[in-house]
Each structure stands twice: as C-alpha cells, then as structure tokens.
2 protein chains.
Amino acid sequence: MALRHAVMAALLEGEASGYDLAKGFDASVANFWMTAPQQLYRELDRMEREGLIAARVVEQERRPNKRLFSLTEAGMSAVRAYAAEPSGKPTAIRDDLLVKVHCADVGDIEAVRAAITERMKWAAAKLARYERLQDHLLKGRTEDEYCAQAERVGPYLTLLRGMAFERENLQWGETALRLLERRTTAT
Amino acid sequence: MALRHAVMAALLEGEASGYDLAKGFDASVANFWMTAPQQLYRELDRMEREGLIAARVVEQERRPNKRLFSLTEAGMSAVRAYAAEPSGKPTAIRDDLLVKVHCADVGDIEAVRAAITERMKWAAAKLARYERLQDHLLKGRTEDEYCAQAERVGPYLTLLRGMAFERENLQWGETALRLLERRTTAT
DNA sequence: TGCACCTATTCAATTAAGTGAGTAAGGGGG
DNA sequence: CCCCCTTACTCACTTAATTGAATAGGTGCA
C-alpha cells in the first residue's frame with residue numbers, strides 16, 4: 001500500500017481533487033509516485049470509505065463539478081503512524097531504460113542510445129521544473145534560512161532528492177552515450 | 001511486463017536457476033529489479049510455456065535438483081525487440097522513505113531520522129558490493145581499456161547507474177539528517 | 001465550424017506484484 | 001541431539017498497477 005500513503009502525503013499540502021493529484025499536484029510529490037488517474041480515483045474512493053479522507057463538492061460554472069479531498073483526523077493519525085513505522089528494505093530503481101542498456105550489447109545499440117538521449121531530455125525538463133519550484137520555495141533565502149522559517153521541510157527534502165536523481169540521470173546518460181558510441185564506431 | 005525483461009537481461013550472462021535469480025545472481029541486474037522468489041518461479045514457468053526460455057534439469061547429490069534456465073532463440077529475439085522499442089515515460093523513484101520524509105513535519109521526526117540512517121547503512125553496503133564488482137570487472141584496467149576489450153558494456157553501465165544512485169542516497173541522507181536535526185533541537 | 005485539447009471523472013478487465021506460509025534434505029555449531 | 005541456516009522450490013491468497021475505453025461540457029485557434 002504505497003499509493004495511499006503518497007496520496008496522504010500530497011494532501012498534507014492542502015485539499016485537492018482527484019484530477020489535481022493525477023496531474024502531479026505538487027511536483028515534489030510527483031517525485032516518488034506517478035500513476036494513472038483511474039487508480040487514483042479508485043484509491044480515493046476506498047480511502048473515503050475508510051474515513052481517512054473527506055470530500056467536499058465544489059460546484060463550478062463552465063467546468064464539471066469537482067470533489068476536493070482533505071485528510072480527516074483519522075487520516076492524519078494514519079500519516080503519523082505510517083511515518084513512524086520502520087521501513088523495510090529499499091526498492092530497486094526498476095527502470096525500463098536500465099534493462100535496455102543492460103541488453104544493449106546483443107541488440108540495436110543505436111536504438112538504445114536514442115532511448116538514453118530521450119530520457120536525458122526528460123530529465124533536463126524535470127530538473128528545470130524542480131529548480132523553478134526550489135526558487136519559488138526559497139524566495140531568495142539560503143537553504144538554512146528557509147529551513148529555519150518554513151513550516152515544513154519534508155517537501156523540500158524530497159524535492160532535493162528528485163533533483164539529485166535527475167542530475168544523476170543526465171550525468172550517467174552522457175557517460176553511457178560516450179561508451180556506447182565507441183562500440184558502434186569500433187564495429 | 002517488467003519482470004520478464006529483467007529476467008531475460010539476467011539470463012544474457014548465462015544460464016541460471018530460479019534460486020540464483022532470486023538471490024541476486026548478478027549484482028548489476030539486482031540494480032533495476034528485486035522481487036520475491038515466488039514471483040520469479042511463476043514468471044519463469046510462464047516464460048518457459050511461451051518458449052522464451054528453456055530449462056535443463058541438473059541432478060545434484062546432497063542438494064535438491066535444480067532447473068537451469070537459458071534463453072531460447074525466441075527469447076533472444078524478444079530481448080532484441082524489447083531493447084529496440086522506444087521506452088515510455090520514466091518511472092518515479094517510488095520509495096517509501098521519501099513518502100515518510102515528506103510527512104516528517106507532522107509526525108515523529110526522530111523516527112524519520114532513524115529511517116534515513118537505516119537507509120544510509122543499506123546504501124553504504126550496496127555501494128561497497130558494487131565497488132567490489134567494479135574492481136572485479138576492471139581487473140586493474142581503466143574504464144576505457146575495459147570498454148575496448150570487454151564483450152559487453154551494458155552490465156557495466158547499469159552498474160555505474162546503481163553506484164551513482166547509492167552515492168546519491170548517502171549524500172542526500174546526510175543533508176536530510178542535518179536539516180531535520182535543526183527542527184528537533186529548535187522545538 | 002470543426003478539430004483538438006483541457007477539465008473532471010467513471011467503467012471494465014486484465015496483468016503484475018506482494019504476502020505469508022510450507023516442504024524437504026543436508027550441513028554446521030554449541 | 002537439537003536448532004538454525006542453506007539450497008531449491010511450491011501453493012494459496014490478496015492487493016496494486018496497467019490498459020483501453022467512454023462521457024460531457026468548455027476553450028482556443030485558424
């Protein structure tokens with residue numbers, strides 16, 4: 001049950017509709033999960049039935065009405081309980097691209113290089129978004145000032161992790177492209 | 001269908017039993033997937049039925065017999081086809097620890113810090129294993145020499161990605177611990 | 001004016017993944 | 001001698017995730 005915890009984490013920033021959550025809502029939450037809308041709506045329904053979240057219907061003109069969800073007291077307790085419990089073993093990266101790179105030698109190296117390039121574009125775009133969000137959070141302050149003043153540091157820390165991950169993707173991508181290029185020119 | 005591709009990637013190194021695969025088999029494959037044995041055996045059965053892999057029973061003394069799997073021609077074609085197809089959008093990190101850190105501000109900060117410390121121990125251990133494997137692969141050669149001589153570079157590249165990931169975990173963990181500590185002492 | 005895209009959600013079905021326990025034989029240490 | 005660890009695998013069950021639609025009004029632009 002990872003999705004419901006991610007949803008609760010997202011709802012700590014305030015109420016949100018299923019659509020908001022599906023769209024990423026807050027980029028720093030989108031770091032550690034991403035899923036199709038259908039899954040979200042289903043999970044939100046379940047969580048509502050279990051009393052972890054409550055919905056408030058907002059009638060809108062010239063837009064479909066929406067249901068804004070927020071954490072109940074029970075939901076908040078669940079968050080606290082979850083955050084305090086010891087976590088199990090870490091998960092693997094589980095990325096399609098790595099599988100392809102692993103198999104590159106027996107397949108089409110050029111296709112794999114294209115996939116890496118594609119991924120690097122994604123990473124660069126994500127990193128740019130994260131950097132904008134960071135600027136927005138810091139508002140010119142240093143990291144230390146921010147952490148002294150801000151209400152919450154959690155989202156900032158997860159943002160940092162996401163940024164490091166994408167930077168690593170870019171750096172590794174360059175190395176991988178370079179080493180794979182030798183293979184094609186050598187052959 | 002990620003697991004079956006990971007299995008095929010692992011079998012490129014040579015034949016292996018379900019048990020071998022479950023134990024990690026090759027550390028560089030263990031970077032991008034990890035799963036319970038039951039899942040593996042189930043998937044191996046399916047793949048065998050579909051003709052992607054073939055089993056060879058090895059009778060052992062003072063040990064249960066085992067079935068060694070290897071890629072068939074069809075399996076190899078499937079690997080090549082998979083490696084050449086364009087990959088979709090990248091997956092999120094999807095890590096429990098990040099969710100907890102995100103929620104740290106409303107929960108037990110000390111518990112979250114403990115979880116980070118725990119994770120850092122894991123990361124350090126994994127990194128050490130990867131470094132040993134790297135030394136083993138390079139055998140004193142430089143990276144460039146290795147890539148010129150080695151039969152395959154894919155596994156080396158995925159190994160590099162895993163190493164970067166764990167190093168990043170360690171670095172980020174330190175930052176996170178430091179910033180969260182201020183919170184506890186301030187309160 | 002027509003086409004494609006945005007908001008906001010729902011239905012249906014399938015496949016993948018995770019959880020928990022159990023079997024069976026040999027080996028090693030206190 | 002008992003207990004736990006390792007090899008090697010199996011059964012049963014539950015939950016999570018993916019896939020492919022469909023609905024339905026509004027917005028922008030060419």
Side-chain angles (χ1 to χ4, degrees), chain A residues 1-8 10 15-25 30 32-50 52-53 55-69 82 85-96 99, chain B residues 1-8 15-25 30 32-50 52-53 55-69 82 85 87-96 99:
Chain A
M1 275 192 193
L3 177 54
R4 70 190 320 142
H5 298 132
V7 168
M8 295 193 285
E15 58 181 11
S17 69
Y19 190 74
D20 292 332
L21 293 167
K23 289 216 64 181
F25 187 52
F32 47 79
W33 67 267
M34 249 316 160
T35 188
Q38 303 92 311
Q39 231 182 117
L40 262 176
Y41 287 110
R42 206 186 312 130
E43 191 65 30
L44 285 167
D45 286 345
R46 269 200 288 258
M47 290 171 76
E48 193 187 11
R49 274 201 298 279
E50 292 172 37
L52 297 170
I53 58 176
R56 177 171 78 86
V57 175
V58 174
E59 313 245 342
Q60 291 183 120
E61 286 169 24
R62 53 191 99 236
R63 288 256 162 272
N65 296 344
K66 61 181 171 183
R67 305 175 67 213
L68 288 182
F69 296 94
Y82 171 70
E85 84 190 15
S87 28
K89 51 192 177 302
T91 55
I93 299 182
R94 204 186 286 267
D95 186 337
D96 258 17
V99 184
Chain B
M1 272 190 195
L3 178 54
R4 71 190 320 143
H5 299 132
V7 167
M8 294 192 286
E15 58 181 11
S17 68
Y19 191 75
D20 292 332
L21 293 168
K23 289 215 63 180
F25 186 52
F32 48 77
W33 66 267
M34 246 320 158
T35 189
Q38 304 91 310
Q39 237 182 108
L40 262 175
Y41 287 111
R42 208 194 297 140
E43 192 64 30
L44 285 167
D45 285 346
R46 270 200 288 257
M47 290 172 75
E48 194 187 11
R49 275 201 298 279
E50 292 171 36
L52 297 171
I53 57 177
R56 177 171 77 86
V57 175
V58 174
E59 313 245 342
Q60 291 183 120
E61 287 169 25
R62 53 191 100 237
R63 288 258 161 270
N65 295 345
K66 61 181 174 185
R67 306 175 65 210
L68 289 180
F69 295 93
Y82 171 70
E85 85 191 13
S87 26
K89 54 194 175 297
T91 56
I93 300 183
R94 206 185 286 266
D95 187 337
D96 258 17
V99 184

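As the structure is a computational prediction, the values presented were derived from the model and not from experiment. Here is how names work: the chains are called A, B, and so on, in the same order as the sequence lines, proteins then strands, and each is numbered from 1.
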Report all interatomic pairs (protein N or O, nucleotide N or O of nucleotides 3-7 of chain C) with separations under 3.5 Å.
residue: C/dT7; atom: OP2; partner: A/Tyr19; partner atom: OH; Å: 2.7
residue: C/dT7; atom: OP2; partner: A/Lys23; partner atom: NZ; Å: 3.1
residue: C/dT7; atom: O5'; partner: A/Tyr19; partner atom: OH; Å: 3.4

For the pair made of [atom1] in [X] and [atom2] in [N], what is the distance, rounded to whole Å?
X	N	atom1	atom2	result
A/Glu43	D/dT15	CD	P	11 Å
A/Glu61	D/dT27	CD	C1'	16 Å
B/Leu21	C/dA17	CG	P	15 Å
B/Leu40	D/dT7	CG	C1'	15 Å
B/Arg67	D/dT10	CZ	C1'	12 Å
B/Leu3	D/dT18	CG	P	14 Å
B/Arg62	C/dG28	CZ	P	10 Å
B/Asp45	C/dT15	CG	C1'	17 Å

Anything under 3.5 Å between a protein N or O and an N or O of nucleotides 18-21 of chain C, put it in a table, one pair a line.
residue: C/dG18; atom: OP2; partner: B/Gln39; partner atom: NE2; Å: 3.3
residue: C/dG18; atom: O6; partner: B/Arg42; partner atom: NH2; Å: 2.4
residue: C/dG20; atom: N7; partner: B/Gln38; partner atom: NE2; Å: 3.2
residue: C/dG20; atom: O6; partner: B/Gln38; partner atom: NE2; Å: 2.5
residue: C/dA21; atom: N6; partner: B/Gln38; partner atom: NE2; Å: 3.3

- Task: May I ask you to test the B/Thr91-A/Asp96 pair for a side-chain heavy-atom distance under 4.5 Å?
- Result: no
Residue pair [X] / [Y]: nearest heavy atoms and the distance that separates them:
X	Y	result
A/Ala30	B/Ala92	O-CB, 3.9 Å
A/His5	B/Val99	O-CG1, 3.6 Å
A/Leu21	A/Ala10	CD2-CB, 3.7 Å
B/Asn65	B/Gln60	OD1-N, 3.0 Å
B/Met34	B/Gly24	CE-CA, 4.4 Å

- Message: Please report the interatomic distance CG(A/Leu44) to CZ(A/Arg42), rounded to the nearest 0.5 Å.
- Response: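 Answer rounded to 0.5 Å: 11.0 Å.
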- Item | Pairing residues for B/Phe69 by the ring pair (Phe, Tyr, Trp, His ring centres under 6.0 Å) criterion, not counting sequence neighbours |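 B/Phe69 satisfies ring pair (Phe, Tyr, Trp, His ring centres under 6.0 Å) with no other residue.
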- Determine: side-chain N/O of B/Tyr41 to OP1/OP2 of D/dT10, distance under 4.0 Å, yes or no.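 Answer is no, no contact under 4.0 Å.
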- Item | Short side-chain N/O contact to D/dT7 OP1/OP2 from B/Ser17, under 4.0 Å |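 Checking D/dT7 against B/Ser17, no side-chain N or O comes under 4.0 Å of OP1 or OP2.
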- Query: Are any side-chain N or O atoms of A/Tyr19 and backbone N or O atoms of A/Arg67, one a donor and one an acceptor, separated by less than 3.5 Å?
  - Reply: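 Not at all, since once roles are kept as given, no pair shorter than 3.5 Å links the two residues.
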- Task: Starting from the first five and the last five pairs of the helix from C/dT1-D/dA30 to C/dG30-D/dC1, work out the angle between the resulting helix axes, to 10 degrees.
- Result: 40°
- Who passes side chain to side chain donor-acceptor pair (under 3.5 Å) against A/Glu85, sequence neighbours left out? none
- Task: Check salt bridge (Lys or Arg N to Asp or Glu O under 4.0 Å) between A/Arg56 and all other residues, then give those that pass, not counting sequence neighbours.
- Result: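 A/Arg56 satisfies salt bridge (Lys or Arg N to Asp or Glu O under 4.0 Å) with A/Glu15 once adjacent residues are dropped.
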- Identify, between B/Thr91 and B/Asp20, the residue whose nearest nucleotide on DNA chain D lies closer to the 5' end.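 Taking each residue's closest nucleotide, the earlier one in sequence belongs to B/Asp20.
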